[in-house]
Every structure is written in structure tokens, then in C-alpha cells.
Amino acid sequence: MNTEAIDGRMLFAIPKKGRLHEKCIELLAGADIQFRRHNRLDVCLVMNHPIALVFLPAADIPSFVGEGNVDIGITGHDVILEAKMEGRVTEMQRLGFGKCALQVQVPEIGPIKSVEDLAGKRVVTSFEVLAGEYFDRLDDRLQITGENKTKIEYVGGSVEAACALGLADGIVDLVESGDTMRAAGLHAIATLIQSEAVLIKSTVPKNPKIVPLIDLIASRIAGVVAAGKFVICSYNVSRDKLHAALIITPGRRAPTISPLEEENWVAVNSMVEKNKMAAIMDELVKVGAEDILIFKLDNCRV
Ligand SMILES: Nc1ncnc2c1ncn2[C@@H]1O[C@H](COP(=O)(O)OP(=O)(O)OP(=O)(O)O)[C@@H](O)[C@H]1O
Ligand SMILES: O=P(O)(O)OC[C@H]1O[C@H](OP(=O)(O)OP(=O)(O)O)[C@H](O)[C@@H]1O
């Protein structure tokens, strides 16, 4: 693709593979950003907006956005800190996926029980900046200096194998379910940061003309994220029990209450958080609500 084709378009960086890729593709579909990626090309034009998508490794996206080479992007909060780009990118929206923690892990069976025990030994990681800063502070606190300081070594992947291979006394790596860590016989002894996927833009946009388009896309993405977080809860309840029911489902702004043909009965519609839905239904049954239904949201602006 020649550079003329992307001239004037807003450049939007998307992780080209890995843990965040599929979720980003779903998010683009939800925001009606239409594209066809030919032959896995890393740049492709959006058909219904003046946008070009740029598929990049998640870890490279913070610097591409921070240096203004692309306008917005989706990546992990962890790699923004690792790239030291927190001052040069603005996190516009947390996206609710790619949730994980960067943790110090050591063999479950062994002499190291705390980070203090690990200080001064060998640590293998893909996050050498964050791990380096963490162990520098720890070494300082424990007055470990010079040759005795903790040795941080970089590997690009399969970090969890380092202890079993005798390359490290501990590792710093991402944990979500904990399955990888447990399978490698490791356990966590400290957490450096919590992370999730975020929508970012450059702190100083190169092209002010595209600011309205950035805001439009951010608002659409916020709508898709909110639609994933909430459901609509609908139920019938007699007026004498309405007060108790509304305490359980107060809604985001306020619930919608409509009279039923049956005297003294009303129908209630209210937005509730998806992850609280089962408990809310249990509570509604207890206070006498009936015909409780849950509806998924496809999209919203709230
Ligand atoms: N187990 C996980 N659960 C949730 N999110 C994760 C997990 N592992 C990584 N992430 C998030 O996804 C981002 C990209 O990680 P991933 O390992 O997929 O990157 P990659 O190196 O581009 O892909 P690959 O591992 O396939 O080479 C991380 O920076 C982090 O924010
Ligand atoms: O706690 P869990 O749910 O098991 O997830 C943690 C694993 O996920 C990430 O690696 P990934 O599987 O993306 O592959 P990688 O080692 O190639 O980066 C991370 O580096 C851990 O190895």
C-alpha cells in the first residue's frame, strides 16, 4: 500500500496477535469500524471512515502512539509503563479485557519465601524496566549494592520456564488465571502492577484536524464497553413491594416504571451490572418481584 492511500486518515493501532487481538477485532465490529484485511497486511483501510488500521505487536503500540506515528491505539496498561510512555499517551478508556497482574514468582518448593529472600539473586523477565525499577528500590531498601544487586535478565517469552531450567531464582511475569504459574511449579510473592487493555491517544496529537474523529471513535468504543458491562433487568411487581424492589434495582440514572393493566401492578426496567445479575434476581424474588427477565445490550451510549 502506498503512503498516499493513508494520507489524511486517522491511524489506529491494533495488536496484531496475542491475547488482545481477538477482543480488539470484536470491539471494532461493535463500533461499526468496517475493514477487510487482505493477505494479513499490517495496514488496512477502513471502508466507512477516514481511518487506517495498523496491526502492530502490543508492546510496540505505546511508543508508536506516544511518538505520534499513529494517532490512537489499543494495548495493555502494563506495556505503556514498560515503554515509559505514561507521560506521552493519554489513557482514554479502560476496555474491561486483557486483565492481568505483573507478579514476582518463585518456585513453590524452595528456600525463597519473600522478595527480600530473592533480592540479590537472578530474576528473568520480559518486563526488564518495571522489574529493574522494582528490584532497584528493594535493593536500596535492603542496602544491597554493586555486584550484590539483583540481576535482571530479559527473555522474550516462556519466562515461566526459567526457574526449572536453572536460569533464574525467580521471575517477573503476567498472571491471569494462574494456570501457567501453577503448571510451572511457581507461586506469586508480590504484585508490581494490575493491568488491562486500554484505548490510548497521543498526549500531543500531530494532526489537530482528526481530534473530532478520535472523540467519535472513543465514544463508540465506550458504548460497546458499557454494553458489555450492563444488562437490562425487567420485572413485574405489586405497588406495595415496589419500594423494596427499587432499592435492589435503582438503575444508572433511574428505573423506568410503567403501569400494568392489572390494578396495583407495575413493570420495572432497570440497567444492572452484568456481573451482579444473578444476585440481583435472587434479591428481587425475595421481595416478591415476578416475571423477571434479563436482556443483553448490543450497544449503548450511557
Ligand atoms: N494471560 C493474560 N491474560 C490477560 N491479558 C494478558 C495475558 N497475557 C498478556 N496479557 C495482556 O496482553 C498483552 C499482550 O501480551 P501477549 O503475550 O499476547 O503479547 P504478544 O507478545 O504480542 O503475543 P505472543 O505472546 O503471542 O507473542 C500484555 O501486555 C498484557 O497486557
Ligand atoms: O495466568 P494465566 O492465565 O496462565 O496467563 C499467564 C500467561 O499468559 C501470558 O503468556 P501467553 O500465554 O500470552 O504467552 P507468551 O508466554 O508467549 O507471552 C503470560 O506471559 C503468562 O505466561
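Each ligand, and each atom within it, is numbered from 1 in the order the structure gives. Note that the structure is a prediction, hence the values are computed from the model and not measured.
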- Note on the structure: For atom 21 (O) of ligand 1, the closest protein heavy atom turns out to be Lys17 NZ, 4.1 Å
- Under 4.0 angstrom from atom 25 (O) of ligand 1, is there any protein heavy atom? no
- Note on the structure: The protein heavy atom nearest to atom 14 (C) of ligand 1 is Ala58 CB, 3.9 Å
- Backbone or side-chain N or O of Gly178 under 3.5 Å from ligand 2 N or O: yes
- Message: A quick test of your reading: do over 12 heavy atoms of other residues, nucleotides or ligands sit less than 6.0 Å from CZ of Arg36?
- Response: no
- Message: Among all the protein's non-hydrogen atoms, which is closest to atom 7 (C) of ligand 2, and how far away is it?
- Response: Thr180 OG1, 3.5 Å
- Message: Does only the side chain of Pro57 get under 4.0 Å from ligand 1, or the backbone, or both, or neither? Count heavy atoms.
- Response: neither
- for atom 9 (C) of ligand 1, nearest protein heavy atom and its distance come out as Leu174 CD1, 3.4 Å
- Member of Lys121, Arg122, Glu116 meeting the side chain to side chain contact (heavy atoms under 4.5 Å, CB included) criterion with Leu118: Lys121
- Basic-acidic side-chain contact under 4.0 Å: Glu133, Lys84: yes
- Query: Nearest to atom 28 (C) of ligand 1, what protein heavy atom do you find, and at what distance?
  - Reply: Asp78 OD2, 3.4 Å
- Check whether any heavy atom of Glu160 sits under 4.0 Å from an atom of ligand 2. yes
- Looking only at protein heavy atoms, which one is nearest to atom 21 (C) of ligand 2, and how far off is it? Leu174 O, 3.4 Å
- Query: Atoms of ligand 2 less than 4.0 Å from Ser177 heavy atoms?
  - Reply: 1 (O), 2 (P), 3 (O), 4 (O)
- Output, in order, the C-alpha distance, side-chain angles, deciding distance and verdict of side chain to side chain contact (heavy atoms under 4.5 Å, CB included) for Val231 and Val272. CA-CA 6 Å; Val231 289; Val272 300; 3.5 Å; yes
- Message: Tell me if the CD atom of Glu108 is crowded by more than 12 foreign heavy atoms within 6.0 Å.
- Response: yes
- Mark whether atom 1 (O) of ligand 2 lies under 4.0 angstrom from at least one protein heavy atom. yes
- To the nearest 0.1 Å, how far is atom 7 (C) of ligand 1 from its closest protein heavy atom, and which atom is that? Arg19 CG, 3.7 Å
- Are Glu160 and Thr180 linked by a side-chain donor-acceptor pair shorter than 3.5 Å? no
- Note on the structure: For Ser158, the atoms of ligand 2 under 4.0 Å from one of its heavy atoms are 16 (O)
- Note on the structure: The atoms of ligand 2 lying under 4.0 Å from a heavy atom of Arg19, numbered in the order shown, are 5 (O), 7 (C), 8 (O), 11 (P), 12 (O), 13 (O)
- Right, does atom 12 (O) of ligand 1 have protein non-hydrogen atoms nearer than 4.0 Å? yes
- Does atom CG of Asn48 have more than 12 heavy-atom neighbours from other groups under 6.0 Å away? yes
- Item | Within-cut-off N or O pair, His77 and ligand 1, under 3.5 Å | no
- Item | Proximal atoms of ligand 1 relative to Val79 (non-hydrogen, under 4.0 Å) | 29 (O)
- Below 4.0 angstrom from a heavy atom of Val175, which ligand 2 atoms are there? Numbered from 1 as shown, please. 1 (O)
- Item | Asp215, Ile214, Ile221 screened by side chain to side chain contact (heavy atoms under 4.5 Å, CB included) with Ile217, the one that passes | Ile221
- Query: Around Ile109, counting heavy atoms of other residues, nucleotides and ligands shown, do more than 12 lie under 6.0 Å from its CD1?
  - Reply: no
- Message: Yes or no: does Gly98 have any heavy atom under 4.0 Å from an atom of ligand 1?
- Response: yes
- Message: For the NZ atom on Lys151, are there more than 12 heavy atoms of other groups (residues, nucleotides or ligands in this structure) within a distance under 6.0 Å?
- Response: yes
- Just by distance, with hydrogens left out, do Tyr235 and Ser270 show a side-chain donor and acceptor under 3.5 Å apart? no
- Task: Give the residue and atom name of whichever protein heavy atom lies nearest to atom 6 (C) of ligand 1, and the separation in Å to one decimal.
- Result: Cys100 SG, 3.7 Å
- Message: Under a 4.0 Å threshold between the charged nitrogen and the carboxylate oxygen, would Glu176 count as salt-bridged to Arg19?
- Response: yes
- Task: Please determine, by modelled atom types, if Glu262 and Asn264 share a side-chain donor-acceptor pair under 3.5 angstrom.
- Result: no
- Message: Under 4.0 Å and counting heavy atoms only, is there anything from the protein next to atom 15 (P) of ligand 2?
- Response: no
- May I ask you to say whether Lys201 pairs ionically with Glu91, meaning some side-chain N is under 4.0 Å from a carboxylate O? no
- Query: Does any non-hydrogen side-chain atom of Asp78 lie less than 4.5 Å from one of Phe127?
  - Reply: yes
- State the atoms of ligand 1, each with its element, that fall below the 4.0 Å cut-off from a heavy-atom position in Gly76. 31 (O)
- Message: Show me which atoms of ligand 1 lie under 4.0 Å from any heavy atom of Lys99.
- Response: 3 (N), 4 (C)
- Residue, atom name and distance, where the atom is the protein heavy atom closest to atom 19 (O) of ligand 1: Gly18 CA, 4.6 Å
- Any heavy atom of Glu196 under 4.0 Å from ligand 1? The part involved is neither
